[in-house]
> 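I have a structure here, written as structure tokens, and I will follow up with some questions on it.
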Amino acid sequence: MSEPLSWLVTGATGQLGTDLQAVLAGEDVTALGRAELDLTDETQVRSAVRRWLEGASGRPVLVNAAAYTAVDAAETDEATAEVVNGAAPGWLAQELAGRGRLVHVSTDYVFDGTATRPYAVDDDPAPRTAYGRTKLAGERAVAAAGGDAVVVRTAWVYAAHGSNFVRTMLRLEAERDTVSVVADQTGSPTWSADLARGLVQAAASGVTGLLHATNSGATTWHGLARAVFELSGADQERVLPTTTDAFPRPAHRPAYSVLDPASWTAAGLPALPPWQESLRACLADLGALLPDPPVGS
Ligand SMILES: NC(=O)c1ccc[n+]([C@@H]2O[C@H](COP(=O)([O-])OP(=O)(O)OC[C@H]3O[C@@H](n4cnc5c(N)ncnc54)[C@H](OP(=O)(O)O)[C@@H]3O)[C@@H](O)[C@H]2O)c1
């Protein structure tokens, strides 16, 4: 019989933090949002983790779903992003070293986005944004602590809750005749619920080091928007292609963000489903999926 686990989820109010709690329902879970565990406060972080470790009845596993994820804001607030994304994962890893297991989440933004084939875990990172630099610092801080840890990079995360591209497209579909969406950035849309399930599997396995986990397949933001329109019963021709250059943003956006899952599957972890299948499931959760026509109609 497998050993019981005691879970701590940080970033409990975020997309992933919320879905992790759903996946872990019925387990021994402590879920802390920013109000209970603020990653800018080293003393609070260390004492919260120690307190939780002392009270854990099973093998302790901490999943760090908290991050400074405002990619554009980070360009002018890199110092805060550096503490939350860069330093705090190291504090968590140090507190856990020799006592428990850490699952930390990172991002495709550690790469420069110029590749023409999926990024492997050992490809050289070359972040072009403050967010990417700080997340890379976090990966390195976790590795430097030398404990039982796995770092999972993901990309293009959306959920049935929170603020994300899929929900924005559903809103814009209701508000506008047409929507212009960039067609020159390619990635793998990833449903937070699938990622949460995958992270729990990675946590329960003994795998350590660096992994990539996204839904399988790839598309552009334009392709994703068209799929949201089509699956929710709207005319996908209302989604017009545009370019990254036409939408200047403070932070550089990678042209290509596809992550190679080879290390994930080599670790014996089940591949996440194709992105289209998961988008359909998320839209069904939102009550936004157009029902299939009856057979024979
Ligand atoms: N979203 C994506 O497309 C994407 C892509 C690649 C990788 N990732 C990574 O995936 C992980 C989960 O992201 P997500 O999509 O779930 O992001 P999210 O919805 O923005 O959630 C992030 C959570 O972190 C919390 N947080 C921010 N600053 C904090 C602080 N100082 N102390 C404690 N908590 C703080 C936020 O709290 P508040 O709600 O109070 O702000 C929020 O609950 C992150 O590591 C992220 O870098 C995300």
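Atoms within a ligand are numbered from 1 in the order they appear, just like the ligands themselves.
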> Partners of F247 by ring pair (Phe, Tyr, Trp, His ring centres under 6.0 Å), sequence neighbours excluded?
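For F247 there are no ring pair (Phe, Tyr, Trp, His ring centres under 6.0 Å) partners, ignoring immediate neighbours.
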
> Below 4.0 Å from any atom of ligand 1, which residues have a heavy atom? Give them in chain and number order, please.
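For ligand 1, the residues that come within the 4.0 Å heavy-atom cutoff are G11, T13, G14, Q15, L16, R34, L37, D38, L39, T40, A65, A66, A67, T69, V84, V105, S106, T107, D108, Y131, K135, T154, A155, W156, V157.
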
> Restricting to side-chain contact (heavy atoms from CB on, under 4.5 Å), what partner residues turn up for T116, sequence neighbours left out?
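Once residues adjacent in sequence are excluded, T116 has no partner under the side-chain contact (heavy atoms from CB on, under 4.5 Å) criterion.
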
> Measure the acute angle between the ring planes of F111 and Y119, then classify it against the limits of 30° and 60° as parallel, tilted or perpendicular.
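It falls in the parallel class, under 30°.
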
> Report yes or no: do L96 and V152 belong to one cluster of Ile/Leu/Val/Met/Phe/Trp/Tyr joined by side chain heavy-atom distances under 4.5 Å?
no

> With the threshold set at 4.0 Å, does a side-chain nitrogen-carboxylate oxygen contact exist between R117 and D123?
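Looking at R117 and D123, the cut-off is met.
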
> What side-chain donor-acceptor pairs closer than 3.5 Å can you find for residues 277-288, not counting sequence neighbours?
{"from": "S278", "atom 1": "OG", "to": "D194", "atom 2": "OD2", "distance (Å)": "2.4"}
{"from": "S278", "atom 1": "OG", "to": "N215", "atom 2": "ND2", "distance (Å)": "3.2"}

